[in-house]
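Below: one structure, written as structure tokens.
Here is the naming used below: chain letters follow the sequence lines, and residue numbers restart at 1 for every chain.
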Protein chains: 2
Amino acid sequence: MTNPEKSPVPPAVIDDSTLRLFIGYHMKRAFNVVQADLTQTLKPFDLRMLTYTALVLVVDNPGLSQSQLADAMGIERPNLVVILDELEHRELIVRDRAPTDRRAYALKATLAGRRLYDKAVAAVITHENRLLASIDDATRSILIKALSEVREHQTT
Amino acid sequence: MTNPEKSPVPPAVIDDSTLRLFIGYHMKRAFNVVQADLTQTLKPFDLRMLTYTALVLVVDNPGLSQSQLADAMGIERPNLVVILDELEHRELIVRDRAPTDRRAYALKATLAGRRLYDKAVAAVITHENRLLASIDDATRSILIKALSEVREHQTT
DNA sequence: CGATAATAATTATGTGAAATAACTAATAGG
DNA sequence: CCTATTAGTTATTTCACATAATTATTATCG
């Protein structure tokens with residue numbers, strides 16, 4: 001008689017069927033791939049995901065404050081400090097003083113920052129299109145819409 | 001004459017239209033919501049995402065080794081050690097010796113581990129259904145299929 | 001057969017992304 | 001004007017993840 005309790009055979013291939021029931025599992029696995037690709041794509045520009053995101057938002061929103069930027073990025077203000085320090089030391093952005101509030105900074109991209117933005121954004125678009133090559137436009141729209149709807153459940 | 005270079009008006013609402021061009025941005029924002037919900041859902045069971053994932057895979061794959069589990073979870077072997085230590089100390093899993101290889105462990109869930117698995121899996125399913133309430137079944141299938149296709153670009 | 005390579009798990013250690021608490025400077029509101 | 005709030009910073013912590021090195025065991029190959 002068999003006794004699976006005492007000596008289970010080491011499975012040759014791992015069954016993740018339970019985990020595949022969960023959308024979070026699929027999202028994490030897929031995002032890992034996208035993030036790995038993004039990291040490689042940004043490496044030639046000496047940008048990480050966070051410095052890239054901050055640069056894009058500063059270029060697109062000249063004059064915003066650090067609090068606004070941290071809020072838009074979904075991180076806490078203290079964590080933004082080092083990110084902006086890096087971008088500022090590389091002279092990609094400047095911390096101007098806000099005209100109406102001497103506590104706040106008005107963040108602005110420099111010309112070099114805008115040029116790096118142009119190149120990095122183009123590179124990321126190219127790389128993402130490669131990752132999405134097998135997915136047609138209609139499906140991409142559905143994907144983005146579904147992800148947006150999930151995001152709308154944000155409680156914080 | 002206006003001079004937008006010198007005193008940009010602090011934008012009232014932040015423009016993330018460039019970032020919304022990127023599927024990675026949508027995936028990260030959506031996953032953040034799912035993960036926050038998952039963390040809350042697992043808290044009553046004293047499980048984190050990683051301990052939960054490990055428990056599920058051990059229950060579904062009795063007898064697998066730590067190397068196999070680390071590979072399935074996409075983490076390095078050293079990082080799995082503390083995760084399994086925690087599950088073992090709580091007597092949710094055991095590290096049996098593998099019958100064919102005295103270096104390896106044959107991981108198995110205990111009865112308590114399987115019971116916690118049942119409750120936690122049910123809770124996570126309920127919570128995910130809430131997050132996906134506005135998304136019909138056909139769209140969910142498309143979403144999962146698209147995420148799976150992105151994942152298939154895994155290079156590592 | 002025996003030396004060497006490879007593998008399983010562990011320990012020690014480091015890094016990067018997040019959070020919180022506490023502080024300074026400046027503004028806002030009763 | 002005095003108090004509370006806000007903007008930014010510093011210090012510190014936690015967690016997820018990685019690498020290097022070590023021990024024990026197994027596999028390979030000359």
[atom1] of [X] versus [atom2] of [N]: gap in Å, rounded?
| X | N | atom1 | atom2 | result |
| --- | --- | --- | --- | --- |
| B/Arg97 | C/dA9 | CZ | P | 8 Å |
| B/Glu76 | C/dT15 | CD | P | 17 Å |
| A/Leu84 | D/dT9 | CG | P | 8 Å |
| B/Tyr52 | D/dA16 | OH | P | 16 Å |

DNA chain D: 5'-proximal contact among B/Pro78 and A/Pro78 (nearest heavy atom):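 Its nearest nucleotide being more 5', the pick is A/Pro78.
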Residue whose nearest DNA chain D nucleotide is more 5′ - B/Arg77 or A/Val81: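 It is A/Val81 whose nearest nucleotide is closer to the 5' end.
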From the options [options], select the nucleotide whose nearest atom is closest to the side chain of [X].
| X | options | value |
| --- | --- | --- |
| A/Asp101 | D/dA7, C/dT10, C/dA17 | D/dA7 |
| A/Asn79 | D/dT5, D/dC17, C/dA19 | C/dA19 |
| A/Arg48 | C/dG16, C/dA21, C/dA8 | C/dG16 |
| B/Ile75 | C/dT20, C/dT10, D/dC17 | D/dC17 |

Is any side-chain nitrogen or oxygen of [X] closer than 4.0 Å to OP1 or OP2 of [N]?
| X | N | result |
| --- | --- | --- |
| B/Gln66 | C/dT10 | yes |
| B/Gln68 | C/dA8 | no |
| A/Arg103 | C/dC23 | no |
| A/Ser65 | D/dA7 | no |
| B/Lys28 | C/dA17 | no |
| A/Ser67 | D/dT6 | no |
| B/Arg102 | C/dA8 | no |

Check ion pair B/Asp60-B/Arg114 (N to O, under 4.0 angstrom):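 B/Arg114 and B/Asp60: not salt-bridged.
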Ion pair check, B/Arg95 and B/Asp85, cut-off under 4.0 Å: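 Salt bridge present between B/Arg95 and B/Asp85.
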Sugar-phosphate, base or nothing in reach of B/Arg95, heavy atoms under 4.0 Å: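 Sugar-phosphate contact only - B/Arg95 comes under 4.0 Å of backbone atoms but never of a base.
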Touch class at under 4.0 angstrom, heavy-atom based, for B/Leu80 against every strand present: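 B/Leu80: no heavy atom of the nucleic acid under 4.0 Å.
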Pair A/Asn129-A/Thr126, side-chain donor/acceptor within less than 3.5 Å: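 Short answer, no.
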Residue pair B/Thr53 / A/Tyr25, side-chain donor-acceptor N/O under 3.5 Å: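 No pair is found: no donor N or O on one side chain lies under 3.5 Å from an acceptor on the other.
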Donor-acceptor pair, side chain of B/Glu149 and main chain of A/Leu132, under 3.5 angstrom: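 The answer is no, because no donor-acceptor pair under 3.5 Å joins these two groups.
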